[in-house]
Amino acid sequence: MSFAPRDSHEAQVQFALERGVPAVIGVLGTIKLPYPSRAFDMAHCSRCLIPWGANDGMYMMEVDRVLRPGGYWVLSGPPINWRNNYVAWQRPKEELEEEQRKIEEMAKLLNWEKKHEKGEIAIWRKQTSFDYGRDRNPQPTLCESTNADDVWYKKMELCITPYPETSDPNEDAGGAWKPFPERLNALPFRISSGSIPGVSAETYQEDNRSWKKHVNAYKRTNKLLDTGRYRNIMDMNAGLGSFAAALDSPKLWVMNVMPTIAEKDTLGVIFERGLIGIYHDWCEAFSTYPRTYDLIHANGVFSLYKDKCDAEDILLEMDRILRPEGAVIFRDHMDVLVKVSKIVRGMRWNTKMVDHEDGPLVPEKVLFAVKRYWVAGEDNSTSSE
């Protein structure tokens, strides 16, 4: 997952998405990143000009939160190799030396081991477990929050996110992750450890089977699904990530969105499966440029938000981020889809309603839609006279 602000580089996130690379508009500022704890295998910063030593190391603490035990942090550019580059960077030697000293000190406090430094690249590794009893000066301040994944509009904290408890100091906190693609369908640690109430190994396997069946049914109606036509795909209500896992293909990637009002927060499971995702509230705009997704999957989104915000507002945001000739798959109850179908026809999308793959008696239906180009001369209110 790449993120960057809209800055002097202009639309670099849009360029990434147009290449079919996952990216969102974002910034490391005062609010926690919209990702769960222990999500990433590696965090990389290349000339991103973030003052890592500032604010008592708060930004490095946030990187530590989203980095899994045993994960890597890679930093390239200033201040690494400042002795050879301070003239080119037009910065005083003393300032750069102090900047790197603060980074090294904070890395030790976070229990990161420096593995390598060569040229302008330095690599640290987060330890697989944290020895809280070890003598340290200063001692790290541990976060008191019981939920390290509660991040939506929450301010960053000057504290270290505790590791999951282990019975053995040599044990991987958070469980050992299998290599990809085996990881995709293996039982995630968050489920096997019972940390997500109501989700067991059995319900996880059943969810996988259900979504394989759903996706096979989708492909019978939308025959372009795995042809390379759709590269950037979004799942607006991702659940356990089984839709993305069932689509598993080198021709596409899926942005798994976890609604902040979802009954269960399973975004950590999605990352443990080797997939990517993000927290979001669909009553707000999504952090992307217009026309950046080829296909959107909306499973139960409008039932979920029926008492939160207007369906029209969510649909207009979907229209903004969907490219012309992009597709949408809505899965919801019949009465909800009838309302949605009426609105999207007013947006000049082509639609087709189909029964659930188990037959017409199932109340859940599927609505397929395609966003059309608006062409001058057609019968629409925007045509030139």
Side-chain angles (χ1 to χ4, degrees), residues 1 32-41 62 64-71 111 126-133 140 142-152 154 157 159-214 235 237-246 248 254 256-280 299-300 304:
M1 173 81 80
K32 291 183 178 181
L33 295 174
Y35 311 110
S37 60
R38 312 192 315 275
F40 294 97
D41 300 314
E62 179 63 2
D64 182 75
R65 184 186 69 81
V66 301
L67 202 61
R68 73 170 177 89
N111 206 33
K126 180 176 177 177
Q127 296 299 292
T128 55
S129 60
F130 197 100
D131 183 4
Y132 296 106
L142 299 180
C143 299
E144 297 179 357
S145 172
T146 56
N147 185 4
D149 298 347
D150 182 17
V151 298
W152 191 247
K154 297 292 193 301
E157 300 175 274
C159 58
I160 298 175
T161 305
Y163 285 54
E165 292 183 8
T166 58
S167 55
D168 186 325
N170 297 318
E171 181 184 348
D172 281 2
W177 290 11
K178 296 183 182 296
F180 196 83
E182 184 184 355
R183 185 191 298 186
L184 189 61
N185 292 302
L187 185 65
F189 173 80
R190 279 173 165 89
I191 295 177
S192 64
S193 63
S195 59
I196 302 178
V199 180
S200 64
E202 292 74 24
T203 55
Y204 170 73
Q205 298 298 347
E206 177 57 33
D207 191 68
N208 278 335
R209 286 191 292 270
S210 295
W211 279 105
K212 284 178 182 175
K213 185 171 70 172
H214 294 335
D235 191 356
N237 186 15
L240 296 172
S242 299
F243 167 74
D248 180 33
V254 180
N256 293 282
V257 180
M258 178 58 53
T260 54
I261 64 169
E263 181 184 353
K264 295 182 178 71
D265 177 6
T266 52
L267 189 55
V269 168
I270 289 168
F271 275 95
E272 286 185 0
R273 299 184 73 171
L275 301 167
I276 60 168
I278 194 168
Y279 290 111
H280 184 64
N299 172 43
L304 182 65

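What you are looking at is a predicted structure, and each value in this text was computed from that prediction instead of being measured. We use all heavy atoms of the structure for the numbers below, so side chains are in, but hydrogens, waters and symmetry mates are not. Numbering of residues begins at 1 and proceeds along the displayed sequence.
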Side chains of [X] and [Y], heavy atoms from C-beta outward: is any pair under 4.5 Å?
{"X": "Val254", "Y": "Leu275", "result": "no"}
{"X": "Ile278", "Y": "Pro34", "result": "yes"}
{"X": "Glu62", "Y": "Arg65", "result": "yes"}

Locate the shortest heavy-atom distance separating [X] from [Y]; write the atom from each residue and the value.
{"X": "Ala244", "Y": "Asn256", "result": "CB-OD1, 3.6 Å"}
{"X": "Pro162", "Y": "Cys143", "result": "CG-O, 3.9 Å"}
{"X": "Pro36", "Y": "Ala39", "result": "O-CB, 3.4 Å"}
{"X": "His280", "Y": "Val257", "result": "CB-CG1, 3.6 Å"}
{"X": "Tyr163", "Y": "Ala173", "result": "CD2-CB, 3.7 Å"}
{"X": "Pro188", "Y": "Val269", "result": "CG-CG1, 3.7 Å"}

Check: Ser200 side chain, Thr203 main-chain N or O, donor-acceptor pair, under 3.5 Å
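Yes; judged by distance alone, with no hydrogens or angles, the pair exists.
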
Look at the side chain of Lys264 and the backbone N and O of Gly198, then say whether any donor-acceptor pair between them is shorter than 3.5 Å.
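No, the answer is negative, given that no donor and acceptor are paired below the 3.5 Å cut-off.
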
Distance, nearest 0.5 Å, that separates [atom1] of [X] from [atom2] of [Y]:
{"X": "Ser37", "Y": "Asn147", "atom1": "OG", "atom2": "CG", "answer": "7.5 Å"}
{"X": "Ser145", "Y": "Glu157", "atom1": "OG", "atom2": "CD", "answer": "6.0 Å"}
{"X": "Asn299", "Y": "Asn237", "atom1": "CG", "atom2": "CG", "answer": "6.0 Å"}
{"X": "Ile276", "Y": "Leu267", "atom1": "CD1", "atom2": "CG", "answer": "10.5 Å"}
{"X": "Thr266", "Y": "Asp207", "atom1": "OG1", "atom2": "CG", "answer": "8.5 Å"}
{"X": "Leu33", "Y": "Met1", "atom1": "CG", "atom2": "CE", "answer": "10.5 Å"}

Please walk me through it: do Phe271 and Arg68 pass side chain to side chain contact (heavy atoms under 4.5 Å, CB included)?
CA-CA 10 Å; Phe271 275 95; Arg68 73 170 177 89; over 6 Å; no

Side chain to side chain contact (heavy atoms under 4.5 Å, CB included) assessment of Ile196 paired with Asp265
CA-CA 8 Å; Ile196 302 178; Asp265 177 6; over 6 Å; no

Asn208 vs Asn185, side chain to side chain contact (heavy atoms under 4.5 Å, CB included): CA-CA, chis, key distance, verdict:
CA-CA 8 Å; Asn208 278 335; Asn185 292 302; 4.1 Å; yes

What do the steps show when you test Ser242 against Arg273 for side chain to side chain donor-acceptor pair (under 3.5 Å), and what is the final call?
CA-CA 10 Å; Ser242 299; Arg273 299 184 73 171; 3.2 Å; yes

Any chance you could lay out the side chain to side chain contact (heavy atoms under 4.5 Å, CB included) test for Tyr279 and Asp149, step after step, and finish with the verdict?
CA-CA 10 Å; Tyr279 290 111; Asp149 298 347; 3.5 Å; yes

Where at least one partner belongs to residues 183-202, residue pairs that pass salt bridge (Lys or Arg N to Asp or Glu O under 4.0 Å), sequence neighbours excluded:
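Residue pairs passing salt bridge (Lys or Arg N to Asp or Glu O under 4.0 Å), neighbours aside: Asp41-Arg183, Arg190-Glu272.
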
How would you list all residue pairs meeting ring pair (Phe, Tyr, Trp, His ring centres under 6.0 Å) that involve residues 188-209, not counting sequence neighbours?
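Listed by first then second residue: nothing to list.
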
